[in-house]
Amino acid sequence: MSGQGKQAANWQQRLSAGLKAWRFGSVLGVFLLVMLGIGWRLVDLHVVDKEFLRQQGDVRTIRVESIDAHRGVVSDRHGEPLAVSTPVQTLWANPSETDPDDPRLAGLARLLGMTEGSLRERLRTFAGREFIYLRRKVQPSLAREALDLGIGGIYARQEYRRYYPAGEVTAHVVGFTNIDELGQEGIELAYNQWLTGEPGRKRVLKDNRGRVIKDLMLIRDARPGRDLELSLDLRLQYLAYRELKAVVAAHNARGGTLVMLDVDTGEVLAMVNQGSYNPNDRAQLSADNLRNKAITDLFEPGSTIKPITIAAALESGKYQVNSTIDTSPGFRRFGRFTIRDARNYGTMDLTEMIVKSSNVGVSQIATELGGDVLRNLFARMGLGQATGIGFPGEAVGVLPAPPRWRPVEESALSYGYGMSVNALQLAQAYMVIANGGIRYPLSLMKQEAPPQGRRVLSEDVALAVRGMLKEAVARGTGGRGQPGLYAAGGKTGTVHLVGARGYEKSQYKAIFAGMAPIDDPRIVTVVAVDAPQSGEYYGGEVAAPVFARVMGDALRLLNVKPELEVSGAKAPRRASGERG
């Protein structure tokens, strides 16, 4: 090989060795740079950005969940539960995790009471969502069956469901809640804020399927709703409901109402209506049956007002118990209006006027006293006035106050027409007579201390009227209102119902308002039955027997000593033609 060739070969060798060294250095340099970058990133992530990584991890695995707070318990005066919240389960799904073609969905649909097609279609429709309800507030056993199917994306959470142990018996007072446990009617609505609890919050660790693995921290504990103790006595509520339901059925009546008050406290011991509803079964709910008619429905009280008219007469000083009035010829005419008695009773005293329920007699008293005197006493006793009981939907009623009274208006007012009250107001007025003239504030809550009342009627007048009411039951229109072993006092009332065209000739409301034991009253009760259709419709025939049965049983339950001398007394029947 020539010298020039050897020189070229040496040059190629040196060039090849240089290229190899350069490639090795470049690869080594890049490797070192990569390692240096990785090392720096590791240091950056574990030291500089450590908090950032922790936050990102927490975002993906740690959640804050609410802790449901159960609603407060509503109970009667003896602690018997009337409304409680029981733990139940709510089934929900994450459609993004659920395969709508999963064959196990057929079994889930059966458990939920759905068609298989509707369930699959719902999952497809909401495939982009992470939460949909499947069925709310089911029994825990049903929820366990659903979860045991092992379908992906199906979960359960605990909630509470309101349950009413007494059902329809206390429905109109207690009311009910909606599915979110917010009050809709009755006490549940009136005291919703008091009964509603405050949900808590907790931090939990979840897996990638959304299942809770661990409770990490309690943020805020749940605060249960506060309890309510009502004035109702569930024993009296049951017997009042039973008797009212029976009389409505027996007389094929449109409905009925019964209110019972404690004479010395103004507490509502029982308040029932017909028809009613079961708050545990909303499927049969009817809007017509939702009203608490004892508070929301108004009516003309009729002859039950006559004792209060007599009280106004005695209070005026113009009349005494033995004052007499000539009611002949048994009617009074005011132009085209005529006021009649069942027959011509002639001359009688104030007691006989109540015993025989004389319209003519009390109307003459009203003409002598004037409408303002009657109205003022009616208002003081709570008629046509708000009771202040705090129940939603209370109707105040109407107590007329014309600038100038016409004789016919004064007369009508004296026997309970031309005005309107609810059953609770009427019971309150009789409570004033029963307790010696004191008007106590009415309450649906149990009273821990004696209430502060105010005198609206003199004790002597109240005692005198009570004696007249005793005679009305002993030998007058209220004879069927005698509760066996206890002497009672009360007054009947029979009024025409008002329809779209005025008074309905063949539709009546039968009323009885009374108290017992009459010599030391413990309870006042008002019974009103709407439109009885079985032939009998007078207050003494329809409402008085209900009063007698309820009061007799109630006084025994309250351990009131029987008045044995009454036990052999036979309740007199209404004399022919007498009305109440």
| message | Let's go through Val398 and Met419 carefully: what are the C-alpha distance in whole Å and the side-chain angles of both, what is the deciding distance for side chain to side chain contact (heavy atoms under 4.5 Å, CB included) to 0.1 Å, and is it a yes or a no? | response | CA-CA 5 Å; Val398 175; Met419 61 181 293; 5.8 Å; no

| request: May I ask you to test the Arg454-Ile438 pair for a side-chain heavy-atom distance under 4.5 Å? | output: no

| task | Check the pair Arg480, Glu536 against salt bridge (charged side-chain N to carboxylate O under 4.0 Å, His left out), reporting the backbone distance first and the verdict last. | result | CA-CA 13 Å; Arg480 296 190 188 180; Glu536 294 181 323; 3.4 Å; yes

| task | Measure the OG1-CG distance between Thr257 and Asn273 for me, rounded to the nearest 0.5 Å. | result | 4.0 Å

| field | SB check Arg71 Glu188 (cutoff 4.0 Å) | value | yes

| task | Show your working on side chain to side chain donor-acceptor pair (under 3.5 Å) between Tyr241 and Gln274 and close with a plain yes or no. | result | CA-CA 8 Å; Tyr241 185 83; Gln274 279 294 310; 3.1 Å; yes

| message | I'd like to know whether Asp519 forms a salt bridge (charged side-chain N to carboxylate O under 4.0 Å, His left out) with Lys470, so could you lay out the CA-CA distance, the side-chain angles of the two residues, the decisive distance to 0.1 Å, and finally the verdict. | response | CA-CA 9 Å; Asp519 294 326; Lys470 180 178 182 179; 3.6 Å; yes

| said: With a 4.5 Å cut-off on side-chain heavy atoms, are Ile339 and Phe334 touching? | reply: yes

| Under 3.5 Å, is there a donor-acceptor pair linking the side chains of Lys306 and Thr309? | no

| query | Which pair of heavy atoms, one from Pro165 and one from Tyr163, lies closest together, and at what distance? | reply | CD-O, 3.5 Å

| Is the distance between the ring centroids of His172 and Tyr277 under 6.0 Å? | yes

| query | Is there a side chain to side chain contact (heavy atoms under 4.5 Å, CB included) between Leu261 and Tyr430 once you walk through the steps? | reply | CA-CA 10 Å; Leu261 299 181; Tyr430 270 69; over 6 Å; no

| request: Give a yes or no on whether the backbone of Arg340 and the side-chain of Asn359 come within a donor-acceptor separation of less than 3.5 Å. | output: yes

| said: Assess whether a salt bridge exists between Arg77 and Glu267, defined as any Lys/Arg side-chain N lying under 4.0 Å from an Asp/Glu carboxylate O. | reply: yes

| note | The residue among Tyr537, Tyr503, Phe299 that forms ring-ring contact (aromatic ring centres under 6.0 Å, His included) with Tyr508 is Tyr537

| query | Below 4.5 Å, heavy atoms only, C-beta onward: do Glu471 and Arg475 meet side chain to side chain? | reply | yes

| request: Return yes if some donor-acceptor pair links the side-chain N/O of Gln237 with the main-chain N/O of Val169 below 3.5 Å, else return no. | output: yes

| Minimum-distance pair of heavy atoms, taken over all atoms of Ala464 and Leu314 | CB-CD1, 3.9 Å

| Within the distance-only criterion (no hydrogens, no angle test), does the side chain of Arg455 pair as donor or acceptor with the backbone N or O of Leu457 below 3.5 angstrom? | yes

| request: Let me see the working for Leu228 and Ile187 under side chain to side chain contact (heavy atoms under 4.5 Å, CB included), right down to the final yes or no. | output: CA-CA 9 Å; Leu228 272 181; Ile187 291 295; 3.6 Å; yes

| Passes side chain to side chain contact (heavy atoms under 4.5 Å, CB included), Ile308 versus Leu383? Steps please. | CA-CA 11 Å; Ile308 305 177; Leu383 299 171; 3.8 Å; yes

| Expected output: side-chain Arg332 to main-chain Ser363 donor-acceptor under 3.5 Å | yes

| message | If you compare all heavy atoms of Leu374 against all heavy atoms of Ala366, which two are closest, and at what distance to 0.1 Å? | response | CD1-CB, 3.6 Å

| Heavy-atom side-chain contact between Phe547 and Pro545 under 4.5 Å | no

| query | Mind checking whether Val421 and Leu298 have side chains closer than 4.5 Å, heavy atoms only? | reply | no

| remark: Rounded to the nearest 0.5 Å, the CG atom of Leu236 sits from the CE atom of Met551 at a distance of 10.0 Å

| query | So, the side chain of Gln425 versus the backbone of Val396: is there a donor-acceptor pair under 3.5 Å, distance only? | reply | yes

| request: Kindly compute the distance separating CD (Glu394) from CG (Asn292), expressed to the nearest 0.5 Å. | output: 10.0 Å

| Value rounded to 0.5 Å, distance of CG in Asp262 from CD1 in Ile523 | 7.5 Å

| said: So for atom CZ, which belongs to Arg466, do other residues, nucleotides or ligands contribute more than 12 heavy atoms lying within a distance under 6.0 Å? | reply: yes

| Are Asn252 and Ser534 close enough that a side-chain donor and a side-chain acceptor fall under 3.5 Å? | no

| request: Indicate yes or no for a side-chain donor-acceptor contact from Thr304 to the backbone of Pro301 under 3.5 Å, with no hydrogens or angles considered. | output: yes

| said: Looking at Glu504, I want to see if its CD is surrounded by more than 12 non-hydrogen atoms of other residues, nucleotides or ligands under 6.0 Å. | reply: yes

| request: Evaluate the criterion side chain to side chain donor-acceptor pair (under 3.5 Å) for residue pair Thr324 and Asp349; output intermediate values, then yes/no. | output: CA-CA 4 Å; Thr324 58; Asp349 61 20; over 6 Å; no

| query | Judged by modelled atom types alone, do Ser443 and Gln447 share a side-chain donor-acceptor pair under 3.5 Å? | reply | yes

| said: Could you check whether any side-chain heavy atom of Thr477 comes within less than 4.5 Å of a side-chain heavy atom of Lys491, counting everything from C-beta outward? | reply: yes

| query | If only atom types and distance count, is the side chain of Thr492 paired as donor or acceptor with the main-chain N or O of Gly478 below 3.5 Å? | reply | no

| remark: CG of Leu239 to CG of Leu244, rounded to nearest 0.5 Å, is 11.0 Å

| field | Between Tyr440 and Gln428: side-chain donor-acceptor atoms closer than 3.5 Å | value | no

| Is there side-chain contact between Glu229 and Met445, with at least one heavy-atom pair below 4.5 Å? | no

| message | Are Ser458 and Val461 packed together at the side-chain level, in the sense that at least one heavy-atom pair is separated by less than 4.5 angstrom? | response | yes

| field | Distance-minimising heavy-atom pair for Gly186 and Phe391 | value | CA-CZ, 3.5 Å

| query | Do NZ/NE/NH1/NH2 and the carboxylate oxygens of Arg375 and Asp372 come within less than 4.0 Å? | reply | no

| request: Could you tell me the separation between the CD atom of Glu352 and the CD1 atom of Ile325, rounded to the nearest 0.5 Å? | output: 12.5 Å

| said: So for atom CZ, which belongs to Arg406, do other residues, nucleotides or ligands contribute more than 12 heavy atoms lying within a distance under 6.0 Å? | reply: no

| task | Write down the atom of Ala190, the atom of Gly390, and the distance for their closest heavy-atom approach. | result | CB-O, 3.6 Å

| query | Any Lys/Arg nitrogen of Arg242 or Asp553 sitting under 4.0 Å from an Asp/Glu carboxylate oxygen of the other? | reply | yes

| Which pair of heavy atoms, one from Ala434 and one from Val524, lies closest together, and at what distance? | CB-CG2, 3.8 Å

| request: Measure from the side-chain N and O atoms of Asn422 to the backbone N and O of Asp297, and report whether any donor-acceptor pair falls under 3.5 Å. | output: no

| message | Please check this pair: side chain of Ser231 against backbone of Leu444, looking for a donor-acceptor N/O pair closer than 3.5 Å. | response | yes

| task | Taking Tyr486 for its side chain and Val560 for its backbone only, find out whether a donor-acceptor pair lies under 3.5 Å. | result | yes

